Amino acid sequence: MRHDNTNNPLDPTTGNRLELSVSPYISLAGAETQFAVISLNGSQYYAFDDRGYYVLAGRGRVGSIIGDERSSLPANKRFYSGGGGSVRGYQYQTVGPLNADGDPIGGRSVIEAGLEFRARITDSIGLVPFVEGGNVYEGVKPDDVSLMWSTGLGVRYYTAIGPVRFDFAVPLDKRENIDDNYQIYLSLGQAF
């Protein structure tokens, strides 16, 4: 189920989005794999002025996989976090459980949160300070709600088809020999 009353799909300044997804899976092959993926994603946008030049934007995500243990779940159905679409400042999918080689192995539950202040300096240039946090957990629900946080600053170049996004982010919970000192992202459209 999806609700979206934002005023622009690539650069919303007002409204909100909410999406509830429930996906059951059952194996028809040899393995008896049965599980359901439940996730709730939401974002809210509040403009401080009529033109939408100053916008406070927030987002959240929670999810859980009910059924089989993590080791029985297909890797592409597990939850992952980290990177440009979730917790900027960390490498892609590295927020959460890692194996001995430092590679992400995913989890059965996820929590993410983010807050941005989008401020246009001119009609075509804007600055976006942001803070984000999240984590992926092995169990169906988190044993403790400890999030890995990051912060950063983005520059937006506003075009007719949406903003071009350049973000610089640093991890606040940097892990030795795993996380870089910073991450850089370039994309079209706002982060959320």
Side-chain angles (χ1 to χ4, degrees), residues 1-6 9-10 12 15-45 57-116 130-150 169 171-180 183 185 187-192:
M1 293 188 301
R2 180 179 296 159
H3 164 79
D4 186 342
N5 69 357
T6 57
L10 290 177
N16 55 60
R17 296 177 179 151
L18 190 62
E19 180 176 355
L20 173 64
S21 173
V22 179
S23 303
Y25 295 90
I26 187 166
S27 174
L28 299 176
E32 293 186 22
T33 303
Q34 297 179 17
F35 61 96
V37 179
I38 303 166
S39 65
L40 179 65
N41 296 295
S43 56
Q44 178 72 44
Y45 309 91
R59 73 166 191 90
R61 173 185 176 210
V62 294
S64 183
I65 300 175
I66 300 168
D68 290 343
E69 294 299 316
R70 180 183 65 188
S71 60
S72 301
L73 299 173
N76 66 335
K77 299 301 178 191
R78 299 174 190 167
F79 288 113
Y80 297 91
S81 188
S86 57
V87 184
R88 292 168 279 184
Y90 296 93
Q91 293 179 40
Y92 180 65
Q93 296 185 341
T94 61
V95 171
L98 306 173
N99 66 17
D101 295 326
D103 296 323
I105 56 177
R108 294 176 64 199
S109 57
V110 64
I111 298 173
E112 292 176 354
L115 190 65
E116 290 187 342
F130 59 87
V131 62
E132 294 176 326
N135 212 339
V136 173
Y137 307 91
E138 185 175 343
V140 172
K141 60 181 183 177
D143 295 330
D144 62 15
V145 183
S146 58
L147 302 183
M148 297 177 68
W149 292 96
S150 67
L172 298 178
D173 298 301
K174 185 175 181 250
R175 299 164 292 183
E176 286 297 319
N177 301 319
I178 296 173
D179 300 315
D180 295 326
Q183 294 285 313
Y185 305 93
S187 185
L188 179 64
Q190 296 287 7
F192 56 90

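On a predicted model such as this, the values are computed, not experimentally measured, just so you know.
Taking the salt bridge (charged side-chain N to carboxylate O under 4.0 Å, His left out) definition, one finds that Arg70 meets it with Glu138, sequence neighbours left out. When the side chain to side chain donor-acceptor pair (under 3.5 Å) test is applied to Arg61, the partners found at least two apart in sequence or on another chain are Glu112.
The distance from atom CD of Gln93 to atom CG of Leu98, rounded to the nearest 0.5 Å, is 11.0 Å. In this structure, CG on Asp68 lies 13.5 Å from OH on Tyr25, to the nearest 0.5 angstrom. Distance CD/Glu116 to CZ/Phe192: 4.0 Å, rounded to 0.5 Å. Expressed to the nearest 0.5 Å, how far CD1 of Ile66 lies from CD of Gln34 amounts to 13.5 Å. Distance OG/Ser27 to CZ/Phe35: 9.5 Å, rounded to 0.5 Å. Rounding to the nearest 0.5 Å places CG of Leu20 at 11.5 Å from CZ of Arg2.
Side chain of Ser109 to main chain of Gly139: a donor-acceptor pair is present (N/O by atom type, distance under 3.5 Å, no hydrogens or angles). The backbone N or O of Gly89 lies less than 3.5 Å from a partner atom in the side chain of Tyr185, making a donor-acceptor pair. Put simply, the side chain of Tyr90 gets close to the backbone of Trp149: a donor and an acceptor are under 3.5 Å apart. Using a distance-only test at 3.5 Å, with no hydrogens or angles considered, no donor-acceptor pair links the side chain of Asp4 to the main chain of Arg17. Side-chain atoms of Ser64 come within 3.5 Å of backbone N or O of Val140 as a donor-acceptor pair.
Contact record, Pro9 with Pro12: O-CD, 4.3 Å, taken as the closest heavy-atom pair.
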### Query
So Leu40 and Leu18, side chain to side chain contact (heavy atoms under 4.5 Å, CB included) or not? Walk me through it.
CA-CA 7 Å; Leu40 179 65; Leu18 190 62; 3.7 Å; yes
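Judged as a salt bridge (charged side-chain N to carboxylate O under 4.0 Å, His left out), the pairs with a partner in residues 89-108 (not counting sequence neighbours) are, in order, Glu69-Arg108.
Partner of Val37 under the side-chain contact (heavy atoms from CB on, under 4.5 Å) criterion, out of Ile65, Leu73, Val22: Ile65 alone.
A cation-pi geometry, defined here as NZ or CZ lying under 6.0 Å from the six-membered ring centre and within 45° of its normal, holds between Arg88 and Phe130.
Residues Tyr137 and Asp143 have side chains not in contact (no heavy-atom distance under 4.5 Å, counting atoms from C-beta outward). Put simply, the side chain of Glu132 reaches to within 4.5 Å of the side chain of Arg59, judged on heavy atoms. Residues Ile111 and Pro142 meet the side-chain proximity criterion, which asks for heavy atoms closer than 4.5 Å.
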